[in-house]
Amino acid sequence: MVEFNLQQMGLEAGGGALIGGIIGFAAKKIAKLIAILVGLELALFKFLETRGILEVNWSAIGGAAQNATSSAGGATAGTPPSWITSLLSALPVSAGFATGFFVGFKKG
């Protein structure tokens with residue numbers, strides 16, 4: 001029989017929310033930085049191409065981006081754990097983390 005300690009579950013959910021918020025905030029800042037760097041790089045490629053210094057295969061770049069997004073989508077398609085007890089023990093931390101992550105990502 002599994003005992004439920006509400007105080008422990010609250011601490012786990014709160015800790016998960018705090019950590020998730022911090023990681024979500026940082027993830028959004030890092031994603032913005034990466035988007036800016038990629039945009040600048042593509043603009044530089046286009047500029048160098050117009051000057052005749054560089055020849056860019058734009059279809060290959062588009063194909064690589066499409067392959068990256070399709071493979072990333074397949075990597076996240078996992079199966080949940082089969083044991084109910086492990087699911088219940090991870091639920092407070094997971095729920096807190098997910099909530100904190102989305103709040104931190106939105107605030108960032």
Side-chain angles (χ1 to χ4, degrees):
M1 189 85 179
V2 178
E3 293 183 26
F4 291 105
N5 185 349
L6 292 178
Q7 183 179 8
Q8 183 65 27
M9 288 177 61
L11 287 173
E12 289 177 3
L18 179 66
I19 293 170
I22 292 169
I23 291 175
F25 183 81
K28 187 166 186 181
K29 295 297 180 185
I30 291 170
K32 284 181 181 180
L33 179 65
I34 290 172
I36 290 170
L37 291 175
V38 168
L40 289 173
E41 181 182 10
L42 292 175
L44 178 66
F45 285 168
K46 188 65 176 172
F47 174 75
L48 292 175
E49 186 179 40
T50 59
R51 297 289 181 189
I53 298 171
L54 184 66
E55 187 174 326
V56 179
N57 185 353
W58 293 106
S59 61
I61 291 175
Q66 186 176 12
N67 288 342
T69 56
S70 66
S71 66
T76 60
T79 58
S82 61
W83 298 349
I84 299 279
T85 55
S86 65
L87 179 65
L88 289 176
S89 67
L91 188 62
V93 174
S94 302
F97 180 86
T99 304
F101 181 86
F102 288 123
V103 169
F105 195 82
K106 185 173 177 148
K107 295 286 182 185

Legend entry - Hydrophobic cluster identity match, F45 and I34, side-chain contacts under 4.5 Å: yes

Inset, instruction - Measure the spacing between CD of E49 and CG of N57 and express it to the nearest 0.5 Å. - result: 9.5 Å

Inset, instruction - Check the hydrophobic clustering (I, L, V, M, F, W, Y; side-chain heavy atoms under 4.5 Å; chains of links allowed) and say if V38 and L44 are grouped together. - result: yes

Legend entry - ILVMFWY cluster, F47 and L42 together (side-chain gap under 4.5 Å): yes

Inset, instruction - Please check if I30 and I22 belong to a single hydrophobic cluster, counting links between Ile, Leu, Val, Met, Phe, Trp and Tyr side chain heavy atoms closer than 4.5 Å. - result: no

